[in-house]
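Report on the following structure.
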Amino acid sequence: MKFEKVFNNKKYIRKIEGMGEGLVLFEISAADKRIGQNYHLFYEDKRKPPLDIAINPEDGMIEYISYFVQDEMINNISDIPAIINEGIGISISNENFNENSMNVTVDGRFKFWKLENAILILKDDIKERVLNAYRINDFNNLLFLGDDFVGIELKNLNQEEMIEIMNSKCLL
């Protein structure tokens, strides 16, 4: 995956929805959805639905990100890397995307951290202690280590979102 730093003025909506006991969907999607097919980067671990990053093929901007949390262990807060906020958005491209190949699938297992009013979803093989955050909107960031996507930061969770997570009983 390659990315380019860009100003992003798109509006995004975050949805956290319990899908039954032990399962919750985290989704960040553009308020104004484009018509047509998107490129998809799938990060899968063969245990549950993949983390899906849908990318607008015309401008490389994110259309949506979705991730299912299912019976996850909350990881130790002391293991959380420092996050440097870059204050700018990104446009994403991948040399494997084209009209005949709209989907790229890579291996990716993620760990889950819940802070007081934030959630981090990070690849489980991260050893580095400093990550770069690129803005989706004021409440959500994509996290990178160099040029590699390593996770999502969901900040400033509201009470309704926290209740939805607790009621789903997806956190062990």
Side-chain angles (χ1 to χ4, degrees), residues 1 3 5-45 48-56 59-75 77 80-92 108-124 126 131-145 149-172:
M1 174 184 350
F3 68 92
K5 296 177 185 180
V6 297
F7 176 73
N8 181 4
N9 61 355
K10 274 183 136 173
K11 302 271 188 259
Y12 288 89
I13 299 166
R14 180 170 67 200
K15 179 173 74 171
I16 299 175
E17 181 180 355
M19 309 292 281
E21 191 166 313
L23 182 66
V24 68
L25 169 65
F26 291 85
E27 185 176 85
I28 303 162
S29 59
D32 296 323
K33 303 212 187 306
R34 74 178 282 279
I35 297 172
Q37 187 160 355
N38 295 312
Y39 292 145
H40 290 270
L41 275 171
F42 293 117
Y43 291 85
E44 68 176 13
D45 65 2
K48 59 184 176 184
L51 186 147
D52 179 6
I53 301 176
I55 301 163
N56 181 327
D59 62 11
M61 301 301 288
I62 292 171
E63 287 295 312
Y64 71 81
I65 299 170
S66 66
Y67 182 68
F68 286 91
V69 173
Q70 181 176 10
D71 301 327
E72 300 286 338
M73 297 295 294
I74 299 174
N75 288 282
I77 290 175
I80 295 175
I83 297 173
I84 298 171
N85 192 332
E86 298 293 334
I88 193 163
I90 59 170
S91 171
I92 298 173
R109 180 169 281 198
F110 292 84
K111 287 195 244 182
F112 183 86
W113 282 268
K114 182 184 166 299
L115 307 174
E116 185 175 326
N117 69 340
I119 288 176
L120 294 177
I121 300 167
L122 297 174
K123 288 181 94 174
D124 72 346
I126 295 175
L131 304 176
N132 298 91
Y134 294 96
R135 186 178 186 280
I136 297 172
N137 64 8
D138 290 342
F139 302 111
N140 306 289
N141 289 315
L142 291 180
L143 301 174
F144 281 78
L145 178 59
F149 170 76
V150 294
I152 305 166
E153 178 184 32
L154 301 110
K155 305 183 297 187
N156 301 321
L157 298 172
N158 63 41
Q159 185 174 5
E160 183 180 306
E161 291 171 323
M162 295 299 285
I163 290 170
E164 193 73 20
I165 293 166
M166 287 176 22
N167 288 343
S168 72
K169 299 178 182 169
C170 68
L171 306 177
L172 303 176

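Throughout, numbering of the chain's residues begins at 1 and tracks the sequence.
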* Asked: So, do Val6 and Asp59 sit near enough that their side-chain heavy atoms are less than 4.5 Å apart?
  -> no
* Could you tell me which residues satisfy salt bridge (charged side-chain N to carboxylate O under 4.0 Å, His left out) with Asp124, sequence neighbours excluded, listed by chain and number? => none
* Fit a plane to each ring of Phe144 and Phe149, take the angle between them on a 0 to 90° scale, and name the class: parallel (under 30°), tilted (30 to 60°) or perpendicular (over 60°). => perpendicular
* **Atom pair CZ/CD1 of Phe26 and Ile165 - distance to nearest 0.5 Å** => 4.0 Å
* So does Asn9 have more than 12 non-hydrogen atoms from other groups sitting under 6.0 Å from CG? -> yes
* For Asn38 against His40, the heavy-atom pair lying closest together -> O-CD2, 3.3 Å
* Structure fact -> Residues at least two apart in sequence or cross-chain that pass side-chain contact (heavy atoms from CB on, under 4.5 Å) with Asn137, listed by chain then number, are Tyr12, Phe139, Asn140
* For Glu86, all residues meeting side-chain hydrogen bond (donor to acceptor under 3.5 Å, both in side chains), sequence neighbours excluded -> Asn132
* With sequence neighbours left out, write down each residue that passes salt bridge (charged side-chain N to carboxylate O under 4.0 Å, His left out) with Glu44, or none if nothing qualifies. => Lys46
* What pairs with Glu164 under salt bridge (charged side-chain N to carboxylate O under 4.0 Å, His left out), at least two apart in sequence or on another chain? -> none
* Asked: Mind checking what makes salt bridge (charged side-chain N to carboxylate O under 4.0 Å, His left out) contact with Asp138, not counting sequence neighbours?
  -> Arg135
* Asked: Does atom CD of Glu21 have more than 12 heavy-atom neighbours, drawn from other residues, nucleotides or ligands, at distances under 6.0 Å?
  -> no
* Listed by chain and number, what are the side-chain hydrogen bond (donor to acceptor under 3.5 Å, both in side chains) partners of Asn117, not counting sequence neighbours? -> none
* Asked: What's the spacing between Leu122 CG and Leu143 CG if we round to 0.5 Å?
  -> 6.0 Å
* Asked: At their closest point, which heavy atom of Ser168 faces which heavy atom of Gly18, and how far apart are they?
  -> CB-CA, 4.2 Å
* Please list, chain by chain and in numerical order, all residues satisfying side-chain contact (heavy atoms from CB on, under 4.5 Å) with Asn85, sequence neighbours excluded. => Asn141, Lys155
* **Side-chain heavy-atom pair Ile13, Lys11 within 4.5 angstrom cut-off** => no
For residues 60-70, which side-chain N or O atoms pair as donor and acceptor with protein atoms under 3.5 Å away, sequence neighbours left out?
unit_1: Glu63; atom_1: OE1; unit_2: Arg34; atom_2: N; d: 3.4
unit_1: Glu63; atom_1: OE2; unit_2: Lys10; atom_2: NZ; d: 2.6
unit_1: Glu63; atom_1: OE2; unit_2: Asn56; atom_2: ND2; d: 3.4
unit_1: Tyr64; atom_1: OH; unit_2: Asp52; atom_2: OD2; d: 3.0
unit_1: Tyr67; atom_1: OH; unit_2: Lys48; atom_2: NZ; d: 3.0

* For Leu157 and Met162, which heavy atoms make the closest approach, and how far apart are they? -> CD1-SD, 3.4 Å
* **Nearest atoms (heavy-atom pairs only) where Asn156 meets Glu161** => O-OE1, 4.3 Å
* To do: For Gly151 and Phe110, work out which heavy atoms get closest and say how close.
  => CA-CE2, 4.4 Å
* Return the set of residues passing side-chain contact (heavy atoms from CB on, under 4.5 Å) with Ala82 (not counting sequence neighbours), or none when no residue passes. => Val130
* **Partners meeting side-chain hydrogen bond (donor to acceptor under 3.5 Å, both in side chains) with Glu27 (sequence neighbours left out)** => none
* Which distance, rounded to the nearest 0.5 Å, do you find between the CD1 of Ile152 and the CD1 of Ile28? -> 5.5 Å
* Looking at side-chain heavy atoms only, is the closest gap between Tyr43 and Ile53 below 4.5 Å? -> yes
